[in-house]
Amino acid sequence: MLFSILYTVIVLALLRCTVSARRSNKGIGRFVALLDSAFIPPVIGNLIIITTYEENAARLGYYFYFLGMNLVMYALCRFTYAYCKGIGTKHNTPRIVYLALTADSVQMLLNTVFGHAFDVEPIDFEGMIYYRLVPHLGQTVHRIVDYSIFAAIILIYVLIITKTPRIYREKFTVLLVSMLAIAVWQTVYIFSRTPVDRSMIGYGVMGILIYFFAIKYRPLRFLDRMLSDIVSEMPDALFVMSPEGNCMWANSEGRKFAGVKGSNYEDTSQFLLGMFGESIKEKGSWTRKATIGEGDDAKYYILRGESVTDDHGHTSGMYLRITDNTEEQRRILREMKEMGHDRLTGLYTWDRLYKGIETVLKENPDVAFNVIFVDVRNFKIVNDVFGNEFGDFAIKTIANWIRSHKCDKYVYGRLVGDTFGICMPCDSFDPEVYEEELKHFKVRQMTIEHQLLIHLGVYEVNERNLDVSVMLDRAHLALGPIRDDYHTHVAYYDDKLRSKLLWNQEISAQLRDALENGEIQPYLQPIADADGRIIGAEALARWIHPEKGFLSPAAFIPIFEENGMIVEVDKHIWRKTCEILSRWEEEGRNMFISVNISPKDFYFTNVYANIMELVMEYGIDQSKLRIEITETAMMGDSDSTRLELLKDFRESGFTVEMDDFGSGYSSLNMLKDIPVDILKIDMKFLSETEEKGRAEIILKNVVKMSQELGLVALTEGVETKEQFDMLSSMGCKLFQGYYFAKPIAVSEFENKYQKKDTILMGGEE
């Protein structure tokens with residue numbers, strides 16, 4: 001009776017854990033739910049065995065027990081693969097284990113025909129009739145299969161414990177100890193030949209432990225150590241990060257700040273990265289300021305980061321503290337407005353500057369004026385490298401330079417940060433003089449010297465009724481074309497820039513409707529092999545505008561790349577591509593499609609998770625969906641998270657391509673480390689040089705190098721038969737370009753190139 005009650009309680013507890021795990025937003029939740037539900041059949045089987053007085057019912061209980069244990073081993077493998085992924089060396093899907101469990105389940109079921117696995121015999125146990133197991137050869141095979149798998153899983157946890165950071169060691173150790181205890185308990189049961197398998201209690205406890213550690217567990221000892229010097233009720237937002245940069249915990253202000261519901265912190269890290277950038281992942285101890293928004297709506301924050309190390313000096317994690325300094329900063333700005341002069345430079349504040357410009361324009365209606373926006377490029381680097389003291393000195397040096405050009409009817413002031421505004425008569429402004437002075441603008445303080453890149457955006461005032469802020473905005477807009485130019489320092493605003501700004505605003509506002517209405521669609525550009533056979537395609541976004549017709553990609557892609565809306569376009573194209581591949585698989589079409597991953601995708605979305613979700617949703621073969629990244633997308637990622645992401649793609653069966661190799665500042669060092677399968681070489685490498693012979697030598701060796709690295713060379717931009725023949729002779733395997741076809745609609749592609757053995761040479765079949 002006691003064991004009947006215990007087993008019933010265990011079943012109910014496992015059901016509760018299963019439902020809770022399934023409802024969890026964590027990725028591991030479904031694996032926990034599968035495992036906890038798998039523990040239920042063997043427990044129910046034993047419950048039947050110890051409560052029945054009928055031989056056939058007891059036999060049924062044993063079938064529940066043994067087949068349930070196979071299900072437990074399968075679910076435990078799935079859970080272990082997901083729970084331990086990313087720790088230690090590469091983990092392969094244990095397909096041979098699944099095959100062995102399937103075969104064992106079949107032979108156990110065949111016991112109903114051959115009786116080769118087990119039988120039951122009645123015995124008197126503690127004054128009651130029980131049906132004890134009589135094992136045969138098939139039962140021995142079953143035990144060998146299950147015990148071998150269980151032993152392998154135990155070994156995996158032993159290895160994991162030696163490799164995992166100390167903060168995770170506790171949860172793996174508890175699971176390992178529980179499995180060892182169950183193994184001993186099960187062995188005692190087998191040799192004692194008692195009818196009651198008390199080890200089922202251990203399995204139930206193990207299921208509950210797995211639910212706790214996978215879904216609810218937080219490394220509290222680690223958190224206690226990190227938070228021991230921090231007031232628990234502090235008004236600042238506090239986030240505790242793992243060594244990999246994932247948020248593990250936040251205080252109440254932090255949860256409110258990031259919009260965390262309950263204890264689900266999975267999206268918190270992406271939220272913080274999107275808001276403050278990659279700098280929050282910096283190791284060590286640091287403090288910096290951040291401004292979000294502009295004007296009266298701006299929010300001001302002070303960010304403090306602190307790494308935490310273990311007893312061996314290894315980084316165990318970090319905490320991020322965010323102080324909302326908006327009210328204090330606004331108070332300072334109000335005080336500066338009231339004074340009319342900037343505290344650091346002595347120049348007019350922006351409010352006083354605006355009034356000064358309005359006055360000088362009104363009092364001199366017959367004088368032509370320039371309104372100038374002064375911007376220091378990448379000034380943040382100055383503060384980061386040389387410190388705030390040198391940064392303040394640099395700002396004062398710029399202010400003195402602006403003051404040195406003072407002339408009649410000259411108004412000048414500091415706007416915010418490293419930007420300044422000037423209004424001066426057009427005939428007093430000589431762009432050549434300013435170009436010459438800014439060419440070598442250096443700031444020197446004692447032994448520190450640094451050259452600044454300063455740009456001037458100039459708006460010639462031809463609409464005096466405009467608000468001064470609009471004039472300065474136009475002057476600022478003029479800097480767009482020279483933003484990354486180190487040789488040009490002065491740029492003028494014109495109507496082309498205004499039209500471009502209006503177009504950017506118009507096209508950005510229409511994106512959401514365009515996606516919903518199907519105006520943006522993937523076009524497919526064929527990819528051919530060395531025989532000219534079309535074997536796949538690249539999916540490229542094209543916009544069929546209801547009013548403007550077919551929009552050139554150059555009319556909207558760069559805009560969305562700059563403002564981050566390219567992420568929505570890319571997600572749309574990924575989904576549409578998966579729809580196409582799913583349809584092709586049903587129709588028996590055997591081709592792949594490459595999709596592009598832009599640099600902004602890494603910042604604003606979980607690329608791997610999104611694409612894997614689409615692959616599962618549409619049930620497509622991963623090898624048919626190729627992942628294409630540019631070499632520039634992989635630069636500047638100091639903690640190698642993007643490299644790990646590409647490794648995840650490859651381990652999951654995707655082919656990874658690196659696009660535009662040779663079109664920019666290609667890094668051989670990066671090529672050494674980056675996990676890709678295909679190297680896409682841009683034919684612009686040849687077309688944009690007069691040294692054709694030298695370029696061909698380099699191209700040939702790049703192809704050869706790719707072969708020796710185990711990579712496939714794909715050349716894009718192939719436009720002539722001569723280029724195709726030359727590249728084929730060099731050993732290039734794949735080709736793409738107008739010589740074969742331009743990007744075309746999906747339906748046209750399917751009609752032309754989905755026939756068996758379709759050959760496309762020079763644009764003809």
Side-chain angles (χ1 to χ4, degrees), residues 226-227 229-241 245 247 249-260 265 268-308 318-353 375-376 378-396 398-399 413-420 469 603:
M226 291 184 67
L227 301 174
D229 297 324
I230 300 175
V231 180
S232 59
E233 297 298 325
M234 64 187 303
D236 298 338
L238 185 71
F239 301 90
V240 177
M241 307 291 192
C247 181
W249 178 88
N251 66 355
S252 58
E253 288 298 320
R255 291 193 294 272
K256 188 188 303 181
F257 182 83
V260 175
Y265 298 103
T268 305
S269 300
Q270 288 299 321
F271 172 84
L272 294 173
L273 285 172
M275 194 167 188
F276 299 113
E278 291 283 330
S279 62
I280 65 170
K281 298 167 70 174
E282 182 180 333
K283 302 295 189 296
S285 179
W286 52 266
T287 300
R288 62 174 53 91
K289 297 178 181 179
T291 303
I292 307 298
E294 295 179 355
D296 294 336
D297 296 327
K299 301 281 286 183
Y300 302 89
Y301 300 99
I302 299 175
L303 310 180
R304 299 178 181 89
E306 185 75 42
S307 295
V308 176
M318 66 164 289
Y319 69 80
L320 174 67
R321 180 178 175 181
I322 301 175
T323 303
D324 189 340
N325 195 41
T326 302
E327 290 302 318
E328 174 67 14
Q329 192 65 28
R330 287 177 179 173
R331 182 189 63 78
I332 294 173
L333 290 174
R334 284 194 300 270
E335 289 181 0
M336 289 192 299
K337 278 186 184 182
E338 291 169 2
M339 292 189 304
H341 288 80
D342 176 61
R343 287 183 175 180
L344 179 63
T345 64
L347 304 185
Y348 280 164
T349 61
W350 65 268
D351 185 56
R352 182 73 179 273
L353 174 64
D375 179 59
V376 186
N378 292 331
F379 187 76
K380 180 179 177 296
I381 296 176
V382 176
N383 282 326
D384 289 347
V385 175
F386 302 109
N388 292 333
E389 182 180 346
F390 183 81
D392 289 345
F393 177 78
I395 290 293
K396 288 189 282 188
I398 298 167
R414 186 183 182 191
L415 297 172
V416 63
D418 56 358
T419 60
F420 303 82
S469 64
Y603 287 104

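Numbering of residues begins at 1 and proceeds along the displayed sequence. Note that the structure is a prediction, hence the values are computed from the model and not measured.
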Colleague: Keeping the roles fixed (side chain from Arg414, backbone from Gly417), state whether a donor-acceptor pair exists under 3.5 Å.
Modeller: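 Answer holds: yes.
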Colleague: Using modelled atom types only, decide if a donor and an acceptor are shared between the side chain of Asn325 and the backbone of Ile302 within a distance under 3.5 Å.
Modeller: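 Here the side-chain-to-backbone pair does not exist.
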Colleague: What is the minimum heavy-atom distance between Ala258 and Thr268, and which atoms define it?
Modeller: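 The pair with the smallest heavy-atom distance is CB-CG2, 3.9 Å.
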Colleague: Please list, chain by chain and in numerical order, all residues satisfying ring-ring contact (aromatic ring centres under 6.0 Å, His included) with Phe393, sequence neighbours excluded.
Modeller: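 For Phe393 there are no ring-ring contact (aromatic ring centres under 6.0 Å, His included) partners, ignoring immediate neighbours.
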Colleague: I want to check a possible cation-pi pair here: Arg352 against Trp350, using under 6.0 Å from ring centre and within 45° of the ring axis as the test.
Modeller: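 No, Arg352 and Trp350 do not form such a contact.
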Colleague: Look up atom CD1 in Ile280 and atom CD in Glu278, then write down how far apart they are to the nearest 0.5 Å.
Modeller: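 It comes to 8.0 Å.
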Colleague: Considering residues at least two apart in sequence or located in another chain, which fulfil the side-chain contact (heavy atoms from CB on, under 4.5 Å) criterion with Ser269?
Modeller: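 Ser269: side-chain contact (heavy atoms from CB on, under 4.5 Å) contacts with Met241, Asn246, Cys247.
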Colleague: Taking Gly391's backbone N and O only, do any of them form a donor-acceptor pair with Asn388's side chain (distance below 3.5 Å, no angle check)?
Modeller: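 The answer is no, because no donor-acceptor pair under 3.5 Å joins these two groups.
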Colleague: Shortest non-hydrogen contact from Thr345 to Ile395?
Modeller: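 Reported closest heavy-atom pair: CG2-CG2, 3.5 Å.
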Colleague: Of all the heavy-atom pairs spanning Ser307 and Gly284, show the shortest one and how long it is.
Modeller: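 In this case the closest contact between Ser307 and Gly284 is OG-N, 2.8 Å.
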Colleague: Who pairs with Thr326 by side-chain contact (heavy atoms from CB on, under 4.5 Å), at least two apart in sequence or on another chain?
Modeller: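 By the side-chain contact (heavy atoms from CB on, under 4.5 Å) rule, Thr326 matches Lys299, Tyr300, Asp324, Arg330.
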Colleague: Give me the ring orientation class for Phe257 and Phe276: parallel if the planes are under 30° apart, tilted from 30 to 60°, perpendicular past 60°.
Modeller: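 Because their plane-to-plane angle is under 30°, the rings of Phe257 and Phe276 count as parallel.
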Colleague: How about Arg321 and Phe239: do any of their side-chain heavy atoms sit closer than 4.5 Å?
Modeller: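 Contact flag for Arg321/Phe239 side chains = no.
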Colleague: Mind running side chain to side chain donor-acceptor pair (under 3.5 Å) on Asp236 and Thr323 for me, showing each step along the way?
Modeller: CA-CA 5 Å; Asp236 298 338; Thr323 303; 3.0 Å; yes
Colleague: So, the side chain of Arg304 versus the backbone of Thr287: is there a donor-acceptor pair under 3.5 Å, distance only?
Modeller: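 Absent.
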